[in-house]
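Presented below is the structure to which this report refers.
Indexing begins at 1, ligand by ligand and atom by atom, following the structure's order.
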Amino acid sequence: MAVRLGDIAPDFQAETSEGKIKFHEWLGSSWGVLFSHPADFTPVCTTELGAVAKLRAEFDKRNVKVVALSVDGLESHKNWISDINETQHTHVNFPIIADPAFEVANLYDMVHPNASDKFTVRSVFVIGADKKVKLTITYPASTGRNFDEILRVIDSLQLTAGYSVATPANWKQGEDVIITMAVKDEDIAAKFPKGSTRIKPYLRTTPQPNL
Ligand code: BEZ
């Protein structure tokens, strides 16, 4: 069954390139990103895992642990990591789950049989510190993901978890945000001391409150 927003991320145990993990225990109080790729030793996947390794400091800053997955085995992952490090000029600094029996892949509905019944698609799950699924995205095998976009969404999720705001299209850190409809006009000044703009009764903006 599909994993949906608001669900508790299914827990599992798995072998990874950094040892055995129990997923929830491994996450601890951190946020998490679990992402699948179709196969080891493939070009797009090689660039993706290299890109994620280079963003490690950005994930750390946001208290996010990252873990990758494919249905290849552990030896394959370990050998492939050398290639990623060499060709992407980085050092893979997060675990890659070995899932040859498709246990985690099936738990998270990462195999889309009409695309391929042999590989996982490019799924992304962002999981909050409460273990609930906050974001799911699915890309096809032919399209490498934009991991800056994943960080952007995490910024939005972490901001909107703490304030009565939402983020507009293409929002980035530092830009104005939208005051949610639940906030009454008369309460805005007290809740948002940086000021606000009333463009329409349903469209009110304020400077990003957590900066
Ligand atoms: C790739 O990573 O390049 C890839 C993997 C599976 C199918 C197509 C492309």
For ligand 1, the residues whose heavy atoms come within less than 4.0 Å (ordered by chain, then number):
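Lining ligand 1: Pro38, Thr42, Pro43, Val44, Cys45, Arg122, Ala141.
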
Any link between Ile137 and Val121 through a network of hydrophobic side chains (Ile, Leu, Val, Met, Phe, Trp, Tyr) touching at under 4.5 Å?
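In one cluster: no.
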
Determine the interplanar angle of the Trp80 and His77 rings, folded into 0 to 90°, and report it as parallel if under 30°, tilted if 30 to 60°, perpendicular if over 60°.
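Aromatic pair Trp80/His77 classed tilted.
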
Testing Asp185, Asp187, Asp176 for salt bridge (Lys or Arg N to Asp or Glu O under 4.0 Å) with Arg204, which one passes?
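The single option meeting the salt bridge (Lys or Arg N to Asp or Glu O under 4.0 Å) with Arg204 is Asp185.
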
Got a donor-acceptor contact below 3.5 angstrom from the Asp40 side chain to the Asp72 backbone?
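A pair under 3.5 Å: no.
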
Could you check whether any side-chain heavy atom of Tyr163 comes within less than 4.5 Å of a side-chain heavy atom of Lys191, counting everything from C-beta outward?
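The answer is no; the side chains never approach within 4.5 Å.
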
Do NZ/NE/NH1/NH2 and the carboxylate oxygens of Lys22 and Asp11 come within less than 4.0 Å?
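Not counted as a salt bridge, because no side-chain N and carboxylate O are separated by less than 4.0 Å.
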
